[in-house]
Amino acid sequence: MITLTTRAELRSACEQARARGERVGLVPTMGYFHEGHRSLMRAARATTDFVVVTLFVNPTQFGPSEDLAAYPRDVSADTAAAAAEGTAALFVPTTDEMYTPDAVTTVHVARITEGMCGAARPVHLDGVATIVTKLFAIVGPCTAIFGRKDAQQLAVIRRLVADLDLPVEVVGAPIVREPDGLALSSRNAYLGADERRAATVLFRALAAATELVVGGARSAQVVGGRVRDEVAAEPLVELEYVEVRNGSSLEPVDELNGTVLIAIAARVGTARLIDNVTLTIEGDTVVADLGTRS
Ligand code: AMP
């Protein structure tokens, strides 16, 4: 595995890979790798020949009062993990490398960025859309892999790729969870022992909502209420939102039908955690995608 720090080196390495007839895959990350990140690298490795993993804690996707400075970092452990997963190139640029002082262009995806995480984090999704567009332009991947854990981010990226005719296939990979159900997240490092135990309520709330739907409930209000009740019983966890949305357009829905996303965000101590389940509902049949356990 090569580690690269400049856009020019990365572009050239990808051009050389394509000249050798290799398919280039991309896994964008902010580092501090866990099994969720590693599952994306493996998914990329399974379908492409030259896997590029990018590690950049992107300042433009953090608000002024957010955890940019505190965000966990461990580049040497990340380097070892990426190499172990068969990554061809790890890209670790500085902020100055990614954003020249004269840059004034951003990518804004309308509608899908409204509500959910877009409400509490107004600049976040524009920051994501902009950096991912830049990485697509530098790497030129045929496939890019993103986790379904960040469901709104994935929907934004799918939309921008479609709207801007970008020649990349976007793949959403399953949520990887701890054995007790907590979705893996770099931000779980912020949790104290009691908070860590309490944080499992996010998964339990989604599982309870799923059971309700499997049992026949179709009202978004009822299903959302179930999530609220479950989280309210855990005093260390403060629910920020629960939203029931169309699985692809992310428009709010009143009645659950077709592919539906139930997404939540909550504060647990200093950590802001997100989680979701996708339900595919056809008549009485409900297929739930709650992800996999590590
Ligand atoms: P991050 O480093 O948190 O920006 O995440 C980088 C990529 O890993 C994003 O596509 C995330 O959706 C994905 N990811 C983060 N956590 C998980 C998880 N628990 N399971 C699957 N993918 C994840």
Handout entry: Glu251 CD: over 12 foreign heavy atoms closer than 6.0 Å
Key =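 Check passes, neighbour count above 12.
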Problem - Pair Asp229 + Arg226: basic N to acidic O under 4.0 Å - result: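 Here Asp229 does not pair with Arg226 in a salt bridge, since their nearest N and O are not under 4.0 Å apart.
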Exercise for the section: Taking the six-membered ring of Tyr99 (Phe, Tyr or Trp), confirm whether the NZ or CZ of Lys134 is under 6.0 Å from its centre and within 45° of its axis. Expected result: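 Lys134 over Tyr99 ring: yes.
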Does one hydrophobic cluster hold both [X] and [Y], with members joined at side-chain heavy-atom distances below 4.5 Å?
X: Ile274; Y: Ile262; value: no
X: Leu239; Y: Val244; value: yes
X: Val132; Y: Val53; value: no

Exercise for the section: Check ring-ring contact (aromatic ring centres under 6.0 Å, His included) between Phe50 and all other residues, then give those that pass, not counting sequence neighbours. Expected result: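 ring-ring contact (aromatic ring centres under 6.0 Å, His included) check on Phe50 returns nothing, list empty.
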Exercise for the section: Using the test ring-ring contact (aromatic ring centres under 6.0 Å, His included), find all partners of His34 that sit at least two apart in sequence or belong to another chain. Expected result: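 ring-ring contact (aromatic ring centres under 6.0 Å, His included) check on His34 returns His37.
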Handout entry: Contact check, side chains of Val268 and Leu191, non-hydrogen atoms, under 4.5 Å
Key =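 Contact flag for Val268/Leu191 side chains = yes.
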Problem - Pair Asn58-Thr60, side-chain donor/acceptor within less than 3.5 Å - result: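 Yes.
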Practice task
Considering non-hydrogen atoms only, spot the tightest contact between Phe146 and Ile157 and give its length.
Solution key: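 In this case the closest contact between Phe146 and Ile157 is CE2-CD1, 3.4 Å.
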Handout entry: Derivation of the salt bridge (Lys or Arg N to Asp or Glu O under 4.0 Å) call for Arg18 and Glu22
Key = CA-CA 5 Å; Arg18 276 188 294 275; Glu22 296 179 6; over 6 Å; no
Practice task
Begin from the C-alpha positions of Glu9 and Thr6 and carry the test side chain to side chain donor-acceptor pair (under 3.5 Å) through to its verdict.
Solution key: CA-CA 5 Å; Glu9 286 169 322; Thr6 68; 3.0 Å; yes
Practice task
Give me the one residue out of Thr292, Thr278, Asp275 that meets side chain to side chain contact (heavy atoms under 4.5 Å, CB included) with Ile175.
Solution key: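 Filter result, single survivor: Asp275.
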